Amino acid sequence: MKVLIIGTGGRENALAWKISKSKNIDKIYMAKGNGGSQDFATNVDISPTDIDGLLDFAKKEKIDLTVVGPEDPLCAGIVDKFKENNLKIFGPDKACARFEGSKEFTKKFLEKYNIPTAKYKSFIDYDSAKNSLEEFSYPLVIKADGLCLGKGVFICQDKKEALESLEKIFIDKIFKDQGKKVVIEEFLKGFEASLLCIVSNNKLFPLQTCKDHKQIFDGNMGPNTGGVGTYSPGDKFSQKTEEEIRKILKGIEIGFNKEKISYYGILFIGFMIENDIPKVLEFNVRFGDPETEVLMPRLKGDLLEIMMKTLDNTLSEDDIKWKDEVSLTTILCSGGYPNSYQKGKEITGLDKVDGDVIIFHNGTVKKDGKYYTDGGRVLSVTSLGKDLIEARKKVYKNIEKINFQDMYYRKDIGLI
Ligand code: AMP
Ligand code: GLY
């Protein structure tokens with residue numbers, strides 16, 4: 001089979017790495033891929049948001065399956081377009097992608113189907129949002145409704161910060177149309193857990209859990225990023241939490257069916273768990289990054305087969321099996337990320353990394369056989385181990401062999 005993977009990051013590299021091991025794979029293309037994807041795929045210079053260009057390519061090359069990494073093309077309706085052209089594509093259609101494209105849409109769904117989540121209100125103008133601040137206590141959370149590259153969430157400690165955030169969104173319009181609406185919600189305490197589910201016509205197949213680390217500095221300090229370290233399985237849930245999560249998944253399935261949508265692809269559920277009670281923080285409609293980098297090395301089954309069965313409605317729980325080992329990823333970042341950073345720094349030492357450590361490239365380019373940084377998140381150093389301690393040890397030992405100017409990474413992944 002010929003597979004086209006859309007995206008440019010570590011998530012897409014991890015998917016390509018796993019699909020390259022599938023028994024039916026003949027060729028993998030990546031649009032656009034990056035420096036590392038050339039190890040198992042052919043990079044194609046078409047942007048992930050150029051839906052017409054991707055469609056033409058898939059038709060011309062007779063692609064058997066297209067896999068969509070990022071949310072933008074999903075929200076823009078790439079799945080609908082490919083399906084109209086009788087092309088197989090893994091991901092939700094435009095109607096289902098609203099679960100990531102609009103925070104208000106998701107909050108309304110969660111409320112309608114009694115799925116636990118933070119209390120919220122939504123607003124379309126500065127004055128009404130400002131006037132309602134009195135109804136919330138601090139900290140509170142202000143979120144731009146639309147897609148904001150993971151930067152649309154403000155945790156505000158007091159009224160001054162809340163007003164500043166509202167001004168940025170409504171008056172300075174820093175998120176343009178994606179900030180036309182704002183959701184203000186109660187701040188939830190607890191610990192976070194990510195659960196990705198494969199969804200086949202509204203039926204949820206949960207994958208193993210992951211623990212993401214979003215803040216840039218050790219001790220979960222500093223600004224949020226897309227995620228700079230992960231391990232899987234995540235924190236062990238109590239029996240009570242597991243029961244509650246099962247109820248939530250059932251509630252989501254019931255909701256999807258009642259809304260008369262047909263969800264296919266991935267539903268990524270972010271939970272906040274306090275006193276054993278999980279509440280839904282958000283939905284994403286795609287694989288997580290860096291969650292995929294730790295899930296793929298643990299997945300025993302054939303990913304291509306799993307995806308095809310998902311689309312054919314023949315997937316069963318037995319198709320999704322896991323290694324007992326723990327996996328851990330630490331991301332090497334460009335100094336300055338998530339704020340401004342420089343690109344184009346030569347990366348050295350990749351050839352010295354141990355054979356049992358996997359390096360997924362998040363943001364690199366390859367020129368004349370050398371690798372250079374090309375993003376804020378640069379490389380995911382990943383390893384499996386019999387436990388978190390062993391996986392962590394292998395990752396950090398190998399990080400010491402890699403270098404580029406201003407390289408920065410968290411030292412505490414697996415300890416916190
Ligand atoms: P989201 O994009 O909605 O996941 O938000 C990004 C991050 O902001 C989450 O991973 C949480 O760490 C934090 N966050 C979002 N909503 C809340 C909330 N209601 N209470 C506490 N933290 C939140
Ligand atoms: N790691 C979080 C995300 O992919 O949204």
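This one's a predicted model, so the numbers in the text were calculated from it and none came from an experiment. The basis for the numbers below is simple: all heavy atoms, side chains too, and nothing from hydrogens, waters or symmetry mates.
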Trainee: Which pair of heavy atoms, one from Ile416 and one from Tyr231, lies closest together, and at what distance?
Mentor: O-OH, 3.3 Å
Trainee: So Lys112 and Lys258, do their side chains get closer than 4.5 Å, heavy atoms only?
Mentor: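 Contact flag for Lys258/Lys112 side chains = no.
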Trainee: Name the one of Lys32, Met30, Glu12 that satisfies side-chain contact (heavy atoms from CB on, under 4.5 Å) with Ser37?
Mentor: Met30
Trainee: Looking at Tyr409, is its backbone amide N or carbonyl O close enough to the side chain of Lys411 to form a donor-acceptor pair, meaning the two atoms are under 3.5 Å apart?
Mentor: yes
Trainee: Whether the side chain of Tyr396 engages the backbone of Ile413 through a donor-acceptor N/O pair (distance < 3.5 Å, no angle test) should be reported.
Mentor: yes
Trainee: Please test Glu134 against Lys159 for salt bridge (Lys or Arg N to Asp or Glu O under 4.0 Å), starting from the C-alpha separation and ending with a verdict.
Mentor: CA-CA 9 Å; Glu134 308 305 330; Lys159 189 167 179 185; 2.8 Å; yes
Trainee: Specify the closest pair of heavy atoms between Ser200 and Lys309, including all atoms of both residues, with the distance to one decimal.
Mentor: OG-O, 4.4 Å
Trainee: Tell me whether Ile277 at atom CD1 has more than 12 heavy atoms from other residues, nucleotides or ligands lying less than 6.0 Å away.
Mentor: yes
Trainee: How long is the gap from CD on Glu111 to OH on Tyr113, to the nearest 0.5 Å?
Mentor: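 Atom-to-atom, Glu111:CD and Tyr113:OH are 12.5 Å apart.
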Trainee: Test salt bridge (Lys or Arg N to Asp or Glu O under 4.0 Å) on Glu244 and Lys247 and set out the steps.
Mentor: CA-CA 5 Å; Glu244 294 298 313; Lys247 276 193 229 159; 3.1 Å; yes
Trainee: OG1 of Thr330 to CG of Leu379: how many Å apart, nearest 0.5 Å?
Mentor: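 One gets 12.0 Å once the value is rounded to the nearest 0.5 Å.
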Trainee: Tell me whether Lys189 forms a cation-pi arrangement with Phe187, defined as NZ or CZ under 6.0 Å from the six-membered ring centre and within 45 degrees of its axis.
Mentor: no
Trainee: For the pair Lys83 (side chain) and Ile89 (backbone), establish whether a donor and an acceptor sit closer than 3.5 Å, ignoring hydrogens and angles.
Mentor: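 No; judged by distance alone, with no hydrogens or angles, the pair does not exist.
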Trainee: Suppose the criterion is ring pair (Phe, Tyr, Trp, His ring centres under 6.0 Å): which pairs have a residue in residues 240-276, not counting sequence neighbours?
Mentor: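 The answer is Phe99-Phe256, Phe109-Phe256, Phe256-Tyr263.
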Trainee: What I'd like to find out is whether the side chain of Lys103 reaches to under 4.5 Å of the side chain of Lys181, using heavy atoms alone.
Mentor: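 No - every pair of side-chain heavy atoms lies 4.5 Å or more apart.
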Trainee: Kindly assign one of parallel, tilted or perpendicular to the pair Trp17 and Phe360, based on the angle between their ring planes and the thresholds 30° and 60°.
Mentor: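 Trp17 and Phe360: perpendicular rings.
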Trainee: Applying the side-chain contact (heavy atoms from CB on, under 4.5 Å) criterion to Val280, which one of Ile245, Ile115, Leu195, Thr106 satisfies it?
Mentor: Ile115
Trainee: For Lys321, does the NZ atom have more than 12 heavy-atom neighbours from other residues, nucleotides or ligands under 6.0 Å away?
Mentor: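 Result for NZ/Lys321: enclosed.
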Trainee: To the nearest 0.5 Å, tell me how far Phe205 CZ sits from Asp319 CG.
Mentor: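 The distance works out to 8.0 Å.
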Trainee: Heavy-atom distance under 4.5 Å between the side chains of Arg298 and Pro233, does that happen here?
Mentor: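 Answer yes - side chains close enough.
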Trainee: So which atom in Leu196 and which in Gly288 form the shortest heavy-atom distance, rounded to 0.1 Å?
Mentor: CD2-N, 3.5 Å
Trainee: Using the side-chain contact (heavy atoms from CB on, under 4.5 Å) rule, pick out the option among Thr292, Ile306, Leu207 that qualifies with Leu299.
Mentor: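 Answer after filtering Thr292, Ile306, Leu207: Ile306.
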Trainee: So does Asp354 pair up with Lys394, basic N to acidic O under 4.0 Å?
Mentor: no
Trainee: Looking at Lys250 and Glu253, does any basic side-chain N land under 4.0 Å from a carboxylate oxygen?
Mentor: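 Salt bridge: yes.
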Trainee: For a 4.5 angstrom cut-off between non-hydrogen side-chain atoms, does Thr364 reach Val378?
Mentor: yes
Trainee: Look only at the side chain of Asn362 and the backbone of Ser380, and say whether a donor-acceptor pair between them is shorter than 3.5 Å.
Mentor: yes
Trainee: Under the 3.5 angstrom rule, does the side chain of Asp172 hit a backbone N or O of Ile174 as a donor-acceptor pair?
Mentor: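 Checked: no pair found.
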Trainee: Please answer whether the main-chain N or O of Ala193 pairs with a side-chain N or O of Asp235 as donor and acceptor at a distance below 3.5 Å.
Mentor: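 Judged by distance alone, no pair lies under 3.5 Å.
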Trainee: Any ion pair linking Glu164 and Lys160 (charged N to carboxylate O, less than 4.0 Å)?
Mentor: yes
Trainee: Measure from the side-chain N and O atoms of Asp64 to the backbone N and O of Lys88, and report whether any donor-acceptor pair falls under 3.5 Å.
Mentor: no
Trainee: Answer yes or no: is there a side-chain heavy-atom contact under 4.5 Å between Thr382 and Met296?
Mentor: no
Trainee: Is there side-chain contact between Lys27 and Thr42, with heavy atoms separated by less than 4.5 Å?
Mentor: yes
Trainee: Is the shortest heavy-atom distance from the side chain of Tyr126 to the side chain of Leu163 under 4.5 Å?
Mentor: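 Side-chain contact under 4.5 Å: yes.
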Trainee: Would a 4.5 Å heavy-atom cut-off, applied to side chains only, mark Arg410 and Gln215 as touching?
Mentor: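 SC-SC contact between Arg410 and Gln215 confirmed.
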Trainee: If we check salt bridge (charged side-chain N to carboxylate O under 4.0 Å, His left out) with Lys107, which of these qualifies: Glu186, Glu282, Glu185?
Mentor: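 Of all the options given, the one that passes is Glu185.
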Trainee: Taking the ring of Tyr341 and the ring of Tyr408, is the distance between their centroids below 6.0 Å?
Mentor: no
Trainee: Checking Asp80 side chain against Lys94 main chain: does a donor-acceptor pair fall under 3.5 Å?
Mentor: yes
Trainee: Atom CD1 in Ile273, atom CG in Asn275: separation rounded to 0.5 Å?
Mentor: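 So the gap between those two atoms works out to 11.5 Å.
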Trainee: Taking the side chain from Asn34 and the backbone from Gly36, do they hold a donor-acceptor pair closer than 3.5 Å?
Mentor: yes
